[in-house]
*Asks:* 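Below are the structure tokens for one structure; questions will follow.
The shown structure was predicted, so the numbers you read here are calculated from the model rather than taken from an experiment. Protein chains get the first letters and strands the later ones, always in sequence-line order, with residue 1 at the start of each.
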Amino acid sequence: MRYLPLSTADRTAMLATIGAASIDDLFSDVPAEAVLPGPIAGLPNHASEMAVERALVKMAGKNATASTSPFFVGCGAYKHHVPATVDMVIQRGEFLTAYTPYQPEIAQGTLQVLFEFQSQVARLTGMEVANASMYDGSTAMTEAVFMARRITRKPKCLVSAGVHPHYTSVLKTLTRFTGDVVEAGVPKFTQGAPGDDLSSLIASIDGDTSCVVVQNPNLFGHIADLSPLADACHAAGALLIVVVTEIVSLGAIKSPGEMGADIVVGEGQSLGAGLTFGGPYLGLFACRDKHVRQMPGRLCGETVDASGKRGFVLTLSTREQHIRREKATSNICTNSGLIALAFSVHLTLLGEKGLRHLAALNHARAVQLAERLGRMPGVTLLNGAFFNEFTLDLGREARPVVRKLAEKGVLGGVSLGRLWPSEKALTNGMIVAVTETATDEDFDAFEDALDEVMAK
Amino acid sequence: MRYLPLSTADRTAMLATIGAASIDDLFSDVPAEAVLPGPIAGLPNHASEMAVERALVKMAGKNATASTSPFFVGCGAYKHHVPATVDMVIQRGEFLTAYTPYQPEIAQGTLQVLFEFQSQVARLTGMEVANASMYDGSTAMTEAVFMARRITRKPKCLVSAGVHPHYTSVLKTLTRFTGDVVEAGVPKFTQGAPGDDLSSLIASIDGDTSCVVVQNPNLFGHIADLSPLADACHAAGALLIVVVTEIVSLGAIKSPGEMGADIVVGEGQSLGAGLTFGGPYLGLFACRDKHVRQMPGRLCGETVDASGKRGFVLTLSTREQHIRREKATSNICTNSGLIALAFSVHLTLLGEKGLRHLAALNHARAVQLAERLGRMPGVTLLNGAFFNEFTLDLGREARPVVRKLAEKGVLGGVSLGRLWPSEKALTNGMIVAVTETATDEDFDAFEDALDEVMAK
Amino acid sequence: MTTPQNNSPQNGSPMNNVGRPTRLVTGTGAVAETYTGNKALMLEEALLFERGGLDRTGVDLPPVPLVPDRLGGLGRDAAIGLPGFSEPETVRHYTRLSRQNYAIDLGIFPLGSCTMKHNPRLNEKMARLPGFADIHPLQPQSTVQGALELIDVLADWLMKLTGMPAVAMSPKAGAHGELCGMVAIRAALDARGDMRRVVLVPESAHGTNPATAAFCGFVVENIPANARGRVDLDALLARLGPDVAAVMITNPNTCGLFEPDLKTISDAVHAAGGYVYCDGANFNAIVGRVRPGDLGVDAMHINLHKTFSTPHGGGGPGSGPVVLSAALAPFAPIPFVRKTATGRELVEEDIAATAAPDSFGRMVAFHGQMGMFVRALSYMMSHGADGLRQVAEDAVLNANYILASLKDIYTAPFASTGPCMHEALFSDDFLSGVGLTTLDLAKALIDEGFHPMTVYFPLVVHGAMLVEPTETESKANLDQLIGAMRHVATQMLADPDAWRSAPHFAPRRRLDETQAARKPVLSWKGSEAA
Amino acid sequence: MTTPQNNSPQNGSPMNNVGRPTRLVTGTGAVAETYTGNKALMLEEALLFERGGLDRTGVDLPPVPLVPDRLGGLGRDAAIGLPGFSEPETVRHYTRLSRQNYAIDLGIFPLGSCTMKHNPRLNEKMARLPGFADIHPLQPQSTVQGALELIDVLADWLMKLTGMPAVAMSPKAGAHGELCGMVAIRAALDARGDMRRVVLVPESAHGTNPATAAFCGFVVENIPANARGRVDLDALLARLGPDVAAVMITNPNTCGLFEPDLKTISDAVHAAGGYVYCDGANFNAIVGRVRPGDLGVDAMHINLHKTFSTPHGGGGPGSGPVVLSAALAPFAPIPFVRKTATGRELVEEDIAATAAPDSFGRMVAFHGQMGMFVRALSYMMSHGADGLRQVAEDAVLNANYILASLKDIYTAPFASTGPCMHEALFSDDFLSGVGLTTLDLAKALIDEGFHPMTVYFPLVVHGAMLVEPTETESKANLDQLIGAMRHVATQMLADPDAWRSAPHFAPRRRLDETQAARKPVLSWKGSEAA
Ligand SMILES: Cc1ncc(COP(=O)(O)O)c(C=O)c1O
Ligand SMILES: Cc1ncc(COP(=O)(O)O)c(C=O)c1O
């Protein structure tokens, strides 16, 4: 076995040192009925690197990859070009194979990266402080709602209908058992502003409301000014939690912080991570300084060493499970360290200049395609304002259309029938995402394929 | 431009420091008639990483890769499975982006690797000392012939007809101008021992002979006992130079050193390098201690530092061009450092145990296919003894057969019509290589395709 | 000429870049400090915010087509404050930072409870195959059959290795897996209208256990350990009753010991109407030799980033699938993969109502840590059933070798009770006389070129040192570690004062954690370089 | 218990693993040496032969089918002596070794004449596309049309950038390119039955120039440099005659200066019946701004591993295509790519007789450094014609910035003659008073975290220091280097004795090169560990 350094001779010598007759002696605590005589049946034995590679390459070959098809799928995961430098950095053994930086003297690399990452996320979201990452956007949102409850000591959480339905159901899974009350709306196909109706959301804020959760751009790609909502929340002593699933949008549109958010959670996948069928992704979590001690997750802070040099450490860990146990702000331990690094490297390569260029490019390309498809017979563009994603009403059930497009080699978007099966009113909706990776040829292929499918 | 750190402001500030009015002032030595007004015409301007990647992926897509076809092509370059660890190591920036170790205090990584590489090559070839690599096997062979002339002070070099014809023509290119006399034979299709006839080679050794160059296994895959040839050379005061193009063979067959070689040159591509359409590959060069000062190329040696710790340095550089200039043993400077590292990592992963297993596997698989194809009507197996490569007489011109096999998606071997166009007697020959990567399905596909082609 | 001024002394005496005077240690002729603060290959690196610029970038992008924007007047006008680097500066920034880290690729990383084993690069290569890395979670399922196959095959391995009938794949890490398991237990209780809410957790448990139980509304009660470092069986049995929803137990436990009574405990808990959650973080000790299913466990998470070699990445990502008993299986979260006539499909919202009526819902958006799944399967296929059994045996052998080789000097609280499993537990009692602690010992090991063991965990042992070598360490490496640990301990007892200030050779000396927490500086507040 | 004995002191006083006593520096309380010899992240690493074993392996292979062998009785029986490592030990061995290297990824690497610029990782990614990395040089040409296209496109870039009508792609490095060019000149002379054999080479030339000329049977004569560091035009013109076959000239030359008279020289050499070989190693200074073809050059090699960013890999591989004038083009080596009606083909042995009757033959087996071709083209396409011009301008700007910022302290032999090109030349004359040399200065820079410049080359300047920053260094990096160089120089003049023993912080102190050469130890002669 190529991964096992011990030779048979080593094993014998070591057993002698230990004073054990056989390896079985070391497992003497295992009750007889649980002892397995030999390798577990029904599983293959060890295999060469060649053989494993052949088998996995075969499996991988059965999937249609984003880069080899005209690709317009979004809804919380976006295909962006990740510079080759990003992968080179995260493959450095010193980053890839390190553990959580528990011994700061020999983990300054990871720690400085986390400090820079936290700073980048805080600035991007327009907040004062960000943590060292959560699992992903959906779990970060749930943590935010719990944090709001801890801060406001109120039970009710209002969730906008524009929030990604997966995110909302993750929240519901846990609130079933925590006594939090969740009121989540149902999206509408309002021409010009698909998704939710902020004014009615504002109307339903009351004295029991701990927080309002809203996504911007929302699931349908619509973008809104959240300032009135923020004011309403604050007037009622509630917190505004803003979810961002396409982080690149913050290179073009006002940050949640600028619009008055108290907590910003996001999915960082767009920068550095790639699609990878949904994971590992990157949960972003940012808030105001005054709330930092109620924050979940790890935090890296600046300090000095014994000789006066600047250094970094994990800090405020009295919030965390390994110290506070059942009183911790969260149970999270392992987070998304390496993806945070990838995010930070990608954002460092972009810089403000590159991020703004990238965001502008995404938006302009999306506008081009939206207007082009919007002109097709039977197709209605629902969005007024949007960033790089928009919703089309196809005037017929969208899910079969998406499948037929795939048969033609075009990955054309996400049908609301898949995401919101319970809402029949949405079944004609298809959400289309456009990034810098889509070429004019991709646009043509999409329009032609859609044309053919709609013709039938 | 993403690779250029200077900003316009930087440039202005620096010109000021220099005291130059414009960048053109710095090029004032360039004669007016040679000054280009602007970017060179007929070439595109800078492009995004995305765009470059798209263009090159398109080009790459036009080639049929070895891993995706039943593959049996050899003749000096072999498809072996390279463990993923090898590529990870050579991508470490500290190895990949270092220069030749001119400052040993901060190049011990490269230097220790070279020392280990030299030791591995010496042991593998059965010699006492090896250098830090040459460009490839063909150029190493030419250097060996020149080294033999320096040692023996004799003009004539006999080249076996079993030597790869590319290698022989590289030698001829240079000897045209150096006064060395090269006598190279023409291969025969001798049943059982295709290639050269060692006894006639022995017969042609005379007092003017500086060296005899022989390849083992030879171009046709045939392996021979070189001891008689070695004795004959030494009796006549000539050196025996042995060329090895499939280095994995030395895990199964007697080393040139054991058979009396004075200089061993080889192509190290089989371990670590991959096919890469012919380059970069790895020239191996080994000899006896007594000849080391006539050796070409860099050498790494052991020494101690000022505090008594063991360390390594480049040594015996008085042989080299940067010191001896026109009297140097060779003009080589940059060699194949990183490929030597890849070779060394792969061989370290294998170890003696793994190398012998790999070699035995290659041989057994080759025997299986050779006997299977040899039984096909109209096909004759020419080899008696061979390692992982053998020659078939197809009873018809082989080159069209190879092309037709390719049309059927099988990369079936190399036709002698391509390598030895001048020798019509060889045109029916096809050289087939078999490595650990070929599966039983590949064998079936090859036989079926050959069957169909031959049927026509 | 501006530069020399920029770099020259602020005052009379020469100062280096980081503001420290550049002394020459007289006599030795050795320069103790350098102008740059670098020491040959030990390189200092400024913050991105100190060196980068808002006008700098390391990417080239196609021009933006000129179209009227549709941002609804919500364009971002104010500067964001994100400095950039050119590509060469970026590569260097992160490469230099990486070199300030210790890692498993550099040497033994014996963090108890963390299973820092070798991370094969084949896994990395496989995870990067476009067929796995470049597919979207919401693509039509017909276009991702290979991905569903991989998840299904991995699930099969996990069920067979644990002897459990079901597995939930989507949890993102161990603690998330615990949450998934405990939520399943809550759902099962609710389904039968059972209001019991107490969860019993051993004192020695990892912090995530009580935190998780509390996170989904349970009330946590500790149960003590006995003198042999195992759960106090009598205390536990005594506490069982109609209010006890579950027991959370770690096996092998966090003292590195096997819980011999687990089966007895499980039976008793089941008899009392509760469930047994097993923390599987230490599965590496028994994989292929013991199936938790045979011990009566109802739910157990598996850290793919421990037992199955996916890299820790400096803190994640992980992956924490949870195997479930027949009693909990119906409540498993969506989505999950199931076979169909033609291939495989995801059970998601659209068909959940009929295909998984009792499912408690989602743990996460999308389908889990695909990138980790590929790595873990690549690892499992490489080892195979035979190799995985050998993994457990070598892991336990290595730990016992360390225990046997150090227990004459190091206090080994439970060594008398027999062999340990995959990790050896020591304490700093033997240093109490000289006023040195586990911390001092850990920092001394840093100078010796090792990552220290887990310190001060588990809490049940004062000054704990938990050493988990894993099976991927050679005997030679263990001998060097043992030699160094014996040397340091011996020297500490002989000359204590020399050992209070380690590390001396690391990029930083001991860091002031108190100051960091008292006035937290958690993000860059200065202004950018340019 | 065997281990502690293995590791414990050989005598009374504690010894560490590498046999040095473990002193405690009293007073400071600092441990000066460690048991392991490691110093935190600076890790010692034994030789493969000391740690590996003949029975150890880091690969798994399918079983060998049982067939009678056909090795003709030539099986290898005796042990070879090749120790192996498991995969984890292998990864660690090479990762630890790598950390003892300096590299461009760590910091500025200002080796004059070597053009150590940033190596983009996009190039690495592209070179690893299976379509380029996994194809055999002897596959039927119909199956490698994309590869032939790449070579053809790259050739077109090289010809346009140099303004030359032909290019030979197969040479494997710069020196090999020189050889190709000089052989072409020999072939051209022979073709016209011309027996001239003298090649004129400036004293300042790189060693490969005279070595190459001699290698293919020419007689080398040096020509002197003038006071301005350029070729002495009069001396050269005076020497021209019927016996002079060629002049080998480097432009910009190895003093980092442009040869303003090259066109004049070329015309004179041609008039005298000779050829002009230009060493293109320094092409980075003029790419996109000057085309050598406009200066009358007949042949020039281009180091793709310098100007076009392919990595040096610790000494190679490189790639040295040679551009050729119309006069030499017919003699170019085979193989080369040419367009056909349907696509592209290789002109090889089979059709050479008709397609390339005057070709002098092969330089190498197969078709050249494909892996480097892909990287170079990826780089050229990224920069484009506009970016490449900027490359030359920034490279020259950076070098002049260094020259201007140091020449008040450092002796700059030719600074008075005007700006330099891509590299700044200094000498250690300014240190002669204190008995310190270029070597001492270089070693001091190692401690400061920089790779030293090229030292003692070119030979025409005593104690030369040739500093080539390249265009991929930021102003901030240059300022730090300048600051450090000023600091070290100032300190050396102030307190010379402190500076004779650097480096102090590198993995090794100064190494004994004399001993290495006097009794060479060039391979491991001991026996393996096990
Ligand atoms: C015993 C134990 N339980 C649970 C966990 C939590 O696992 P994770 O960090 O993957 O959330 C850990 C990880 O350190 C652990 O050691
Ligand atoms: C001026 C000059 N000429 C020729 C060469 C030789 O190039 P290579 O090392 O690629 O053979 C070099 C490389 O150092 C050089 O600097």
Side-chain angles (χ1 to χ4, degrees), chain A residues 5 10 14 18 26 29 34 39 43 45-46 59-60 62-65 73 89 92-94 97-98 100 105-106 108-110 119 122-123 135 138 166 169 173 177 276-280 301-303 305-306 311 315 321-322 325-326 328 331 334-335 337-338 349 351-354 360 385 406 421, chain C residues 54 57-59 64 72 81-82 84 94 97-98 100-105 129-131 134 136-137 140 143 146 172-173 207 210-212 214 216-217 220 258 260 294 313-318 350 361-362 365-366 369-371 384-387 401 404 419 474-475 506 508-509 516 521 523-524:
Chain A
D10 292 333
M14 293 163 77
I18 295 163
L26 304 181
D29 283 331
L43 294 172
N45 278 346
H46 70 276
M59 273 190 217
K62 297 176 186 170
N63 304 321
T65 68
V73 189
V89 170
R92 290 277 303 172
E94 292 90 334
T97 74
T100 305
E105 299 86 353
I106 47 171
Q108 286 299 302
T110 295
S119 307
R123 286 160 183 241
Y135 303 132
S138 67
H166 286 183
S169 45
T173 296
F177 307 119
T276 64
F277 202 54
E302 182 179 324
T303 186
D305 79 353
T315 189
Q321 42 75 23
H322 61 280
R325 305 182 67 86
E326 61 268 30
N331 72 331
T334 292
N335 56 25
L338 198 72
L349 279 165
E352 179 133 2
K353 188 178 174 192
Chain C
L54 297 186
T57 183
V59 301
V64 178
L82 295 170
Y94 290 102
L97 285 178
S98 75
Q100 298 181 15
N101 275 3
Y102 193 88
I104 191 78
D105 279 4
L129 291 170
D134 191 33
H136 190 288
T143 68
K172 296 248 166 190
T212 299
C216 47
V220 176
F258 193 87
D294 298 335
D350 54 351
R362 278 191 174 270
F366 310 128
Q369 304 287 66
M370 184 67 176
D386 55 340
Y401 183 66
S474 68
K475 179 171 180 299
R508 289 292 180 270
R509 307 293 302 275
V521 179
S523 76
W524 176 253

*Asks:* Return yes if some donor-acceptor pair links the side-chain N/O of A:Asp29 with the main-chain N/O of C:Pro260 below 3.5 Å, else return no.
*Replies:*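 Not at all, since once roles are kept as given, no pair shorter than 3.5 Å links the two residues.
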
*Asks:* Hey, are the side chains of C:Trp524 and A:Arg123 touching, using non-hydrogen atoms and a 4.5 Å cut-off?
*Replies:* yes

*Asks:* Heavy-atom pairs under 4.5 Å with chain C: which of A:Glu94, A:Glu352, A:Lys62, A:Gln108 has the most?
*Replies:* A:Glu352

*Asks:* Do the side chain of A:His322 and the main chain of C:Gly207 share a donor and acceptor less than 3.5 angstrom apart?
*Replies:*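 Judged by distance alone, no pair lies under 3.5 Å.
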
*Asks:* Please give me the minimum heavy-atom distance between C:Ala103 and A:Gly93, naming the atom from each residue.
*Replies:*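 Scanning both residues completely, I find the closest heavy atoms to be CB-O, 3.4 Å.
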
*Asks:* Between A:Thr315 and chain C, which part of the residue has a heavy atom less than 4.5 Å away: side chain, backbone, both or neither?
*Replies:* side chain

*Asks:* Has the side chain of C:Thr57 got a donor or acceptor atom that lies under 3.5 Å from a matching backbone atom of A:Leu349?
*Replies:* yes

*Asks:* Considering only heavy atoms and a distance below 4.5 Å, find which of C:Val220, C:Thr212, C:Thr143, C:Asp294 pairs most often with chain A.
*Replies:* C:Thr143

*Asks:* CZ/A:Phe277 to CE/C:Met370 distance, rounded to the nearest 0.5 angstrom?
*Replies:*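 One gets 6.0 Å once the value is rounded to the nearest 0.5 Å.
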
*Asks:* I need the residue from C:Ala214, C:Ala506, C:Pro419 with the largest number of non-hydrogen atom pairs under 4.5 Å to chain A.
*Replies:* C:Pro419

*Asks:* Looking at C:Ala385, C:Gly318, C:Gly371, which makes the most heavy-atom pairs under 4.5 Å with chain A?
*Replies:* C:Ala385

*Asks:* If I measure from the heavy atoms of chain C, does A:Val89 come under 4.5 Å with its side chain, its backbone, both, or neither?
*Replies:* side chain

*Asks:* Enter the distance from C:His136:NE2 to A:Thr65:OG1 here, rounded to the nearest 0.5 Å.
*Replies:* 13.5 Å

*Asks:* Rounded to the nearest 0.5 Å, what's the gap from OG on C:Ser523 to CD on A:Glu302? Could you check?
*Replies:*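 Separation between the atoms: 10.0 Å.
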
*Asks:* Name the option with the most non-hydrogen atom pairs under 4.5 Å to chain A; the candidates are C:Gly84, C:Gly313, C:Gly58.
*Replies:* C:Gly313

*Asks:* Among C:Ala211, C:Gly384, C:Gly315, which residue has the highest count of heavy-atom pairs closer than 4.5 Å to chain A?
*Replies:*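 Highest number of heavy-atom pairs under 4.5 Å: C:Gly315.
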
*Asks:* Roughly how far, to the nearest 0.5 Å, is CG of C:Leu54 from NZ of A:Lys353?
*Replies:*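 These two atoms lie 11.0 Å from each other.
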
*Asks:* Of all of A:Gly311, A:Ala406, A:Pro39, which one pairs up most often with chain C through heavy atoms under 4.5 Å apart?
*Replies:*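 The option with the most such pairs is A:Pro39.
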
*Asks:* Quick one: which of A:Gly354, A:Ala98, A:Ala122, A:Pro421 has the most heavy-atom pairs under 4.5 Å with chain C, could you say?
*Replies:* A:Ala98

*Asks:* I need the A:Met14 CE to C:Lys475 NZ distance, nearest 0.5 Å.
*Replies:*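 It comes to 7.0 Å.
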
*Asks:* Heavy-atom pairs under 4.5 Å with chain C are the metric here; pick the option from A:Gly351, A:Ala34, A:Gly279 that has the most.
*Replies:* A:Gly279

*Asks:* Counting N and O atoms only, with roles assigned by atom type, does the side chain of C:Asp386 sit under 3.5 Å from a partner on the main chain of A:Asn45, one being a donor and the other an acceptor?
*Replies:* no

*Asks:* Treating A:Thr334 as the side-chain partner and C:Gly316 as the backbone partner, does any N or O pair qualify as donor plus acceptor under 3.5 Å?
*Replies:*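 Side chain of A:Thr334 to backbone of C:Gly316, a donor-acceptor pair under 3.5 Å: no, none is there.
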
*Asks:* May I ask you to decide if A:Asp305's main-chain N or O and C:Arg508's side chain share a donor-acceptor pair within less than 3.5 Å?
*Replies:* no

*Asks:* Of all heavy-atom pairs between C:Gly146 and A:Asn63, which one has the smallest distance, and what is that distance?
*Replies:*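 Result for this residue pair: N-OD1, 2.7 Å.
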
*Asks:* What residue in C:Gly387, C:Cys216, C:Gly72 has the most heavy-atom pairs under 4.5 Å with chain A?
*Replies:* C:Cys216

*Asks:* When rounded to the nearest 0.5 angstrom, what distance separates CZ in A:Arg92 from CG in C:Asp105?
*Replies:* 10.0 Å

